Amino acid sequence: MPELPDVEVFRRRLVEATTDRRIEGVDVLDGEVLATTRAELDRALAGSRVSGTRRHGKQLYVGLGDGPPLRLHFGMTGYLTTVADHDEPPRHTRVVLALSRGRRLLLVDQRKLGEVGLVDSADDDVAQRGLGPDALDLDLAGLREVLARSRGALKPTLMDQGRIAGLGNIYSDEVLFQARLDPRAPAAEVSRGEAQRLHRQLRRVLERAVEGGVRDFPRGWLLHRRDDGARCPRCGGPVERFTAAGRHGFRCPACQSREG
DNA sequence: GGCAATGTTAGCCG
DNA sequence: TCGGCTAACATTGC
């Protein structure tokens, strides 16, 4: 689930849940997701209020007033949700933040590839991780530069967090499908017009996905057809599975041909 | 049982 | 130096 749009939805959810509420305590149900000690987490969170949030790519930073910001990363299966005090948290809940006035904010993560930690500052952490600009902050010139500098294929280039932060396996496929570009074409060979298309669709897909919130996506999206042989929503031809940089992707060979 | 799954990273190889 | 590939992390579902 968690690529840029998902993390943005989680960020908004967290803001909504913590507005006018204090964090009363932390309950770590599974310490494997912690990138800090329980004591430090407790010290930073208990009794504090959320003073601001920032998302960069797939990273979510939560400001806590004077204390160090919290960093949340969701791995492949993590998400944030809220429940009322009397409700049972879902299976695979790893960390529970008890909020004032009867609510709890939960980090749920089946595969435990997510991470919860504390950082000195969001800026420092972004720099330390070597993340590229957030995908929604990238202008056309920036995108063209990224493409020109890459010696790899389009899909792996878009997914490389050091070049552009936020796109993963699903949304890189979707963006390339909407832009009608072959995921395996060399990034450096993308023409000016193609780059323009890619930039437009990058923004459109991500913004629309954030709006969609909980899985409400347009019918014309490839997202619904992640099956070998499924029908392309654009031309009706068969969708094809391929491998690039060790990840499986889907594309429509007719719509996303090399010649565009 | 085998395989793959929306992420990241280390190590290896060309 | 760069990019691709594999394995590993832990767990579930097809």
Side-chain angles (χ1 to χ4, degrees), chain A residues 1-11 28-35 55-60 71-81 90-95 107-117 119 125-132 134-135 145-178 183-189 202 205-206 208-210 212-217 221-230 239-251:
Chain A
M1 194 199 276
E3 298 181 33
L4 184 154
D6 311 293
V7 178
E8 179 59 24
V9 169
F10 302 156
R11 189 189 68 77
V28 177
L29 305 186
D30 191 320
E32 275 186 69
V33 297
L34 292 191
R55 183 193 54 71
H56 188 102
K58 305 172 189 174
Q59 309 281 338
L60 177 56
R71 178 182 74 91
L72 296 169
H73 188 276
F74 300 94
M76 281 178 85
T77 56
Y79 63 94
L80 283 184
T81 191
R91 207 174 160 196
H92 309 306
T93 297
R94 308 302 181 191
V95 179
L107 173 73
V108 188
D109 185 4
Q110 181 205 113
R111 285 174 67 185
K112 298 195 273 194
L113 298 176
E115 254 182 4
V116 178
V119 297
D125 191 65
V126 166
Q128 244 172 52
R129 289 175 190 281
L131 298 176
D134 185 83
E145 207 177 304
V146 165
L147 297 176
R149 268 212 273 264
S150 170
R151 273 185 274 167
L154 267 173
K155 179 178 164 81
T157 301
L158 293 184
M159 284 177 65
D160 184 343
Q161 303 300 299
R163 298 180 144 106
I164 305 173
L167 290 174
N169 203 28
I170 298 286
Y171 285 102
S172 58
D173 273 3
E174 191 64 53
V175 166
L176 289 166
F177 173 72
Q178 297 296 335
R184 294 173 306 182
E189 290 175 16
L202 183 68
V205 166
L206 294 178
R208 179 63 185 78
V210 171
V214 190
R215 308 265 169 86
D216 175 26
F217 305 122
W221 282 22
L222 188 66
L223 208 74
H224 309 287
R225 320 291 175 95
R226 295 183 73 76
D227 263 315
D228 208 359
V239 165
E240 178 187 274
R241 192 169 117 124
F242 68 95
T243 301
R247 300 297 298 274
H248 291 304
F250 291 89
R251 63 169 196 139

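Only a predicted model underlies this, so the values are computations on that prediction, with no experimental measurement involved.
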ask   = What integer number of Å spans the P atoms of B/dT6 and C/dG3?
value = 22 Å

task = Determine the interatomic distance between P on B/dG2 and the same-named atom on C/dA7; round to the nearest Å.
result = 15 Å

message = I need the NZ-C1' distance between A/Lys112 and C/dT11, as an integer number of Å.
response = 8 Å

request  = Please work out whether the ring planes of A/Tyr171 and A/Trp221 are parallel, tilted or perpendicular, with thresholds of 30° and 60°.
outcome  = perpendicular

task = Give a yes/no on whether any side-chain N or O of A/Lys58 is located under 4.0 angstrom from OP1 or OP2 of B/dT6.
result = no

key: Distance, rounded to the nearest Å, where A/Arg241 contributes CZ and B/dA5 contributes C1'   = 11 Å

request  = Kindly point out which of C/dT11, B/dG7, C/dG4 is positioned nearest to the side chain of A/Ala245?
outcome  = C/dG4

query = A/Arg163 side chain N/O closer than 4.0 Å to the phosphate oxygens (OP1, OP2) of C/dG3?
reply = yes

task = Please give the nucleotide sitting opposite C/dA10 as a Watson-Crick or G-U wobble pair, both distances under 3.5 Å, or none.
result = none

key: Residue pair A/Leu60 / A/Arg11: nearest heavy atoms and the distance that separates them   = CD1-CG, 3.4 Å

request  = Check every atom of C/dT12, C/dG3, B/dA5 against the side chain of A/His248 and return the nucleotide holding the closest atom.
outcome  = B/dA5

task = Between B/dT6, C/dC9, C/dG3, spot the one nearest the side chain of A/Asn169, thanks.
result = B/dT6

remark   = Between A/Gly117 and A/Ala35 the two heavy atoms that sit nearest each other are CA-CB, 4.1 Å

note = In Watson-Crick or G-U wobble terms, with both distances under 3.5 Å, the base opposite B/dT6 is none

ask   = Reading nucleotides 9-14 of chain B from the 5' end, what letters show protein touch, with B for base, S for backbone sugar-phosphate only, - for no heavy atom under 4.0 Å?
value = S-----

query = Of all heavy-atom pairs between A/Arg94 and A/Gln110, which one has the smallest distance, and what is that distance?
reply = NH2-O, 3.0 Å

request  = Provide the distance between the two C1' atoms, one in C/dT6 and one in B/dC3, to the nearest whole Å.
outcome  = 16 Å

key: Closest-nucleotide 5' rank along DNA chain C - winner of A/Ala244 and A/Arg151   = A/Arg151

request  = Please determine, for the side chain of A/Gln161, which listed nucleotide (B/dG7, C/dT12, B/dT8) has the closest atom?
outcome  = B/dT8

inquiry  = Taking only side-chain N and O atoms of A/Arg247, does any of them lie within less than 4.0 angstrom of OP1 or OP2 on B/dG7?
reply    = yes

ask   = Taking all non-hydrogen atoms of both residues, which atom of A/Pro2 and which atom of A/Gly78 are closest, and how far apart?
value = CG-O, 3.4 Å

query = Picking from B/dT8, B/dA4, C/dT11, which would you name as closest to the side chain of A/His73?
reply = B/dT8

query = Can you name the nearest heavy-atom pair linking A/Phe250 to A/Asp228, along with the distance?
reply = CE2-N, 3.6 Å

inquiry  = In this structure, how many angstroms lie between the P atom of B/dG7 and the CG atom of A/Leu4, rounded?
reply    = 12 Å

query = Atom NZ of A/Lys155 and atom P of C/dG3: how far apart are they, to the nearest Å?
reply = 17 Å

note = Out of C/dG4, B/dA5, C/dT12, minimum distance to the side chain of A/Pro156 belongs to C/dG4

inquiry  = Quick check for you: among B/dT6, C/dT11, C/dT12, whose closest atom lies nearest to any side-chain atom of A/Met76?
reply    = B/dT6

query = So what does A/Arg91 hit on the nucleic acid, given a heavy-atom distance under 4.0 Å: a base, only sugar-phosphate, or nothing?
reply = sugar-phosphate

query = Between B/dA4, C/dT11, B/dT6, which one does the side chain of A/Arg111 approach most closely?
reply = C/dT11

key: Heavy-atom closest pair, residues A/Lys112 and A/Thr77   = N-OG1, 4.4 Å

